[in-house]
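Note that the coordinates shown come from a computational prediction; the quantities given were computed from them, not determined experimentally.
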Amino acid sequence: MESLSKIDFSYFAGQVVTDVNTEENQTLVITFEKGYLMVECPWRIRKGKEIILGETDCIISAPKKFSRKNIKKLSSPKR
């Protein structure tokens, strides 16, 4: 399968998410242990090949069920 993007996000792999900007009308910012990611485009969060949350879920498809608050929950290590 060919990569959809030439951007390498491997720097963020394995890092703990420490904060997520949950304000719906602001730029999505995900803060990691060693940096942050500012997302200024439509987004999807994947686990392997499965999409587990996308911007469309939060805004159009199921806004009562999903929000940006789900990002932090989904990225928290299982305890």
Verify side chain to side chain contact (heavy atoms under 4.5 Å, CB included) between Phe32 and Val16, making sure each step is shown before the conclusion.
CA-CA 6 Å; Phe32 295 87; Val16 174; over 6 Å; no
Could you state the interatomic distance from [atom1] ([X]) to [atom2] ([Y]), rounded to the nearest 0.5 Å?
X: Cys58; Y: Lys69; atom1: SG; atom2: NZ; result: 11.5 Å
X: Arg44; Y: Asp57; atom1: CZ; atom2: CG; result: 9.0 Å
X: Asn70; Y: Leu53; atom1: CG; atom2: CG; result: 5.5 Å
X: Ile45; Y: Glu50; atom1: CD1; atom2: CD; result: 12.5 Å
X: Tyr36; Y: Thr18; atom1: OH; atom2: OG1; result: 13.0 Å

Can any side-chain N or O of Tyr11 pair as donor or acceptor with the backbone N or O of Lys34 at less than 3.5 Å?
yes
Counting C-beta onward and ignoring hydrogens, is there a side-chain heavy-atom pair between Leu28 and Leu37 closer than 4.5 Å?
no
Any side-chain heavy-atom pair from Asn21 and Thr27 closer than 4.5 angstrom?
no
Search all heavy atoms of Gln26 against all heavy atoms of Arg68 and return the closest pair with its distance.
O-NH2, 2.8 Å
If hydrophobic clusters are built by linking Ile, Leu, Val, Met, Phe, Trp and Tyr wherever their side-chain heavy atoms come under 4.5 Å apart, do [X] and [Y] end up in the same one?
X: Ile52; Y: Phe9; result: yes
X: Val17; Y: Leu74; result: yes
X: Phe66; Y: Ile51; result: no

Does Trp43 form a side chain to side chain contact (heavy atoms under 4.5 Å, CB included) with Ile30? I'd like the steps, not just the answer.
CA-CA 12 Å; Trp43 52 268; Ile30 302 172; over 6 Å; no
